[in-house]
Undergrad: 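The structure that follows is given in the form of C-alpha cells.
In this chain, numbering begins with 1 at the start of the sequence shown. Heavy atoms only: backbone and side chains are in, while hydrogens, waters and symmetry mates are out.
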Amino acid sequence: ERAPLLSVAEDGERFFLKNLVHEYPDHVAVVVADILAFTATGSITGSWNATTGVMTLTGSATKASYVTALKSITYAHQGDYPSTAVRIISTTVSDGTTSSAVVTSTVNMTVVNDPPVLTAPTTAITYTEGDSPTVSTDPGAQLTLTDAESNQIQGATVVISGVPTTVGVGPSDTLIFSAQNGITGTWNAATLTMTLTGTTAVANYQAALRSITYSNESQDPGDGTRTLTWTVTDTGGGTASSVAKTSSLTVAAVNDTPVLTAPTATITYTEDVSTAVSIDPDSDFTISDPDSKMQGATVVLSGVPATEGVG
C-alpha cells in the first residue's frame, strides 16, 4: 500500500516526498524526487523534512487562512523518467484537539522523453589530397553521448555541408562506416548524409560515431572547410533527438599538373605553294586537368637550319 505523499498531522499539514531510485526495463537507474512546496503565509509556517518526506504546517490561524495555505501548496517532480504511478495526496487538518478525516486527491504523471546529449569533436581535422585515403572524423575520441533516462539509442545521422563549388570535376566527399554492435550505416551521396540504424546501447553508438571516417578521392576535392552535423535519436518513452552539434573538417587541395597530348600527324610546308599550314591538322591536341582552368601556353619553334640566303 502506498504511503500518502501528503498528510496533515494534528499540528498542521505534512508533505511525504522521498528521493527514490527507480529501475525501468531497458532504462538506466535514475534518482527521482517528488516534492511538495509551501510558502509561509501569515502566521502559518511550514517545515520540510527531506529524510522522512514530511512537510508540517503549524500556526494558529483562521479556517480561511488554512484553506488559503492548503490551496497554495504545489507539487513538482525532480529527476528524469519518473514512474507513471498515480501519486496520492492525503490531507487532514486539526483544531489542536481533534483531526478531520483524511481527504485524498491524486496526481497523474505524464512522462516526457528527454533527448540524448551529444558533444561533438573539437580537434582540427585536415584531409590533404593525395595523402591517406581516409581520415578520422574524431581523431581525439572527443565525441561523447549520454542519455539521462534511456540506455538505448536507435539511430544517428552525420551530414556534410559547406562543400565548395569547383571549376573541375568536383569534390567527392564521402563518410565511411563499418557495421558494428548491431549498427549499420547507409551513405547517401546526393544528400551527403551518413545514417546509422539499429537499437543498441548508448556506449555502442558513441563508439560507432567515433569510428566514422572521411574520404575524398576526387582530383578536384574542393579546397576549404566543411561542416559535419551530428544528431542521435533515443528510444526512451517514445523517441527524442539530440540537439544537433557540429564539427569542422578542412580539405587541402593539391594543384594537379595539366597533361598535354601533342599532335602526331606529319606536317609539310611547301615553299611558294603554302601560305600557312596548321600545326595540328588532325586536331590531336588535348589538354586534361581535373582541378583548374588554363592560364596560358607556349609553343616554341626550334631546329630551324641556317641558310646561305635570306633565311
Side-chain angles (χ1 to χ4, degrees), residues 20-33 77-84 110-127 132 134-163 173-189 191-216 225-250:
L20 303 173
V21 175
H22 295 298
E23 288 281 356
Y24 303 100
D26 300 324
H27 293 83
V28 294
V30 293
V31 176
V32 298
H77 177 86
Q78 293 181 344
D80 291 305
Y81 209 80
S83 167
T84 56
T110 299
V111 176
V112 176
N113 182 23
D114 294 314
V117 177
L118 179 103
T119 301
T122 58
T123 297
I125 307 167
T126 299
Y127 177 90
S132 300
T134 63
V135 293
S136 171
T137 57
D138 185 16
Q142 295 173 318
L143 184 145
T144 62
L145 180 59
T146 59
D147 196 314
E149 60 200 18
S150 175
N151 195 36
Q152 300 282 300
I153 301 295
Q154 68 173 5
T157 59
V158 186
V159 181
I160 302 175
S161 60
V163 178
D173 293 65
T174 306
L175 294 177
I176 301 168
F177 172 75
S178 297
Q180 55 189 272
N181 298 316
I183 305 170
T184 58
T186 303
W187 172 246
N188 186 322
T191 62
L192 300 179
T193 301
M194 172 63 74
T195 302
L196 304 187
T197 56
T199 300
T200 186
V202 171
N204 289 339
Y205 261 91
Q206 177 175 281
L209 290 169
R210 286 178 175 180
S211 74
I212 293 174
T213 57
Y214 171 86
S215 177
N216 192 333
T225 299
R226 281 84 162 139
T227 298
L228 303 181
T229 301
W230 310 73
T231 309
V232 296
T233 302
D234 71 10
T235 61
T239 60
S241 296
S242 67
V243 174
K245 295 299 179 69
T246 61
S247 61
S248 60
L249 182 149
T250 300

Undergrad: Can you see which heavy atom on T200 is nearest to which on N204, and at what distance?
TA: OG1-ND2, 2.7 Å
Undergrad: Are any side-chain N or O atoms of D138 and backbone N or O atoms of Q142, one a donor and one an acceptor, separated by less than 3.5 Å?
TA: yes
Undergrad: Have a look at P116 and tell me which of V202, T235, D234 forms a side chain to side chain contact (heavy atoms under 4.5 Å, CB included) with it.
TA: D234
Undergrad: Find the distance between CG (N188) and OG1 (T193) and round it off to the nearest 0.5 Å.
TA: 6.0 Å
Undergrad: Work out which heavy atom in I212 is nearest to a heavy atom in M194; give both atom names and the distance.
TA: CD1-CG, 4.3 Å
Undergrad: Return yes if some donor-acceptor pair links the side-chain N/O of K245 with the main-chain N/O of A120 below 3.5 Å, else return no.
TA: no
Undergrad: According to side chain to side chain donor-acceptor pair (under 3.5 Å), who are the partners of T144, at least two apart in sequence or on a separate chain?
TA: T119
Undergrad: Between atom CD1 of I160 and atom OG1 of T227, what is the distance when rounded to the nearest 0.5 Å?
TA: 10.5 Å
Undergrad: Got a sec, which residues hit side chain to side chain donor-acceptor pair (under 3.5 Å) with T157, two or more places apart in sequence or on another chain?
TA: none
Undergrad: Taking all non-hydrogen atoms of both residues, which atom of S132 and which atom of Y127 are closest, and how far apart?
TA: O-CE1, 3.5 Å
Undergrad: A side-chain contact here means heavy atoms from C-beta on lying under 4.5 Å apart; do L192 and W187 qualify?
TA: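 Result yes, sub-4.5 Å side-chain heavy-atom pair found.
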Undergrad: Please report the interatomic distance CD1(I153) to OG1(T197), rounded to the nearest 0.5 Å.
TA: 13.5 Å
Undergrad: Which pair of heavy atoms, one from W230 and one from L118, lies closest together, and at what distance?
TA: CB-CD2, 3.3 Å
Undergrad: At their closest point, which heavy atom of Y205 faces which heavy atom of G198, and how far apart are they?
TA: OH-O, 2.6 Å
Undergrad: Mind checking what makes side chain to side chain donor-acceptor pair (under 3.5 Å) contact with T233, not counting sequence neighbours?
TA: S241
Undergrad: So, taking the atom named CG in L143 and the one named OG in S247, what distance separates them when rounded to the nearest 0.5 Å?
TA: 8.0 Å
Undergrad: So, T231 versus S242: side-chain donor-acceptor pair below 3.5 Å or not?
TA: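 No, no side-chain donor-acceptor pair sits under 3.5 Å.
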Undergrad: Give the C-alpha distance, both sets of side-chain angles, the deciding distance and a yes or no for side chain to side chain donor-acceptor pair (under 3.5 Å) between Q152 and T199.
TA: CA-CA 6 Å; Q152 300 282 300; T199 300; 5.7 Å; no
Undergrad: Where the side chain of R226 meets the backbone of L249, is there a donor-acceptor pair that is under 3.5 Å apart?
TA: no
Undergrad: With side chain to side chain contact (heavy atoms under 4.5 Å, CB included) as the test, would you mind laying out the steps for V232 and D147 before giving the verdict?
TA: CA-CA 10 Å; V232 296; D147 196 314; over 6 Å; no
Undergrad: Might you work through the side chain to side chain donor-acceptor pair (under 3.5 Å) test for T250 and T225, ending with a clear yes or no?
TA: CA-CA 4 Å; T250 300; T225 299; 3.0 Å; yes
Undergrad: Apply side chain to side chain contact (heavy atoms under 4.5 Å, CB included) to the pair V158 and T137, showing each step before the final yes or no.
TA: CA-CA 10 Å; V158 186; T137 57; over 6 Å; no
Undergrad: In Å, rounded to the nearest 0.5 Å, how long is the span from CZ of F177 to OG1 of T186?
TA: 10.0 Å
Undergrad: Considering all heavy atoms of both residues, which atom of S211 and which atom of Q180 are nearest to each other, and what is their separation?
TA: OG-NE2, 3.1 Å
Undergrad: Under the criterion side chain to side chain contact (heavy atoms under 4.5 Å, CB included), I'd like the reasoning laid out for Y214 against L175: C-alpha separation, chi angles, the key distance, then a yes or no.
TA: CA-CA 5 Å; Y214 171 86; L175 294 177; 4.2 Å; yes
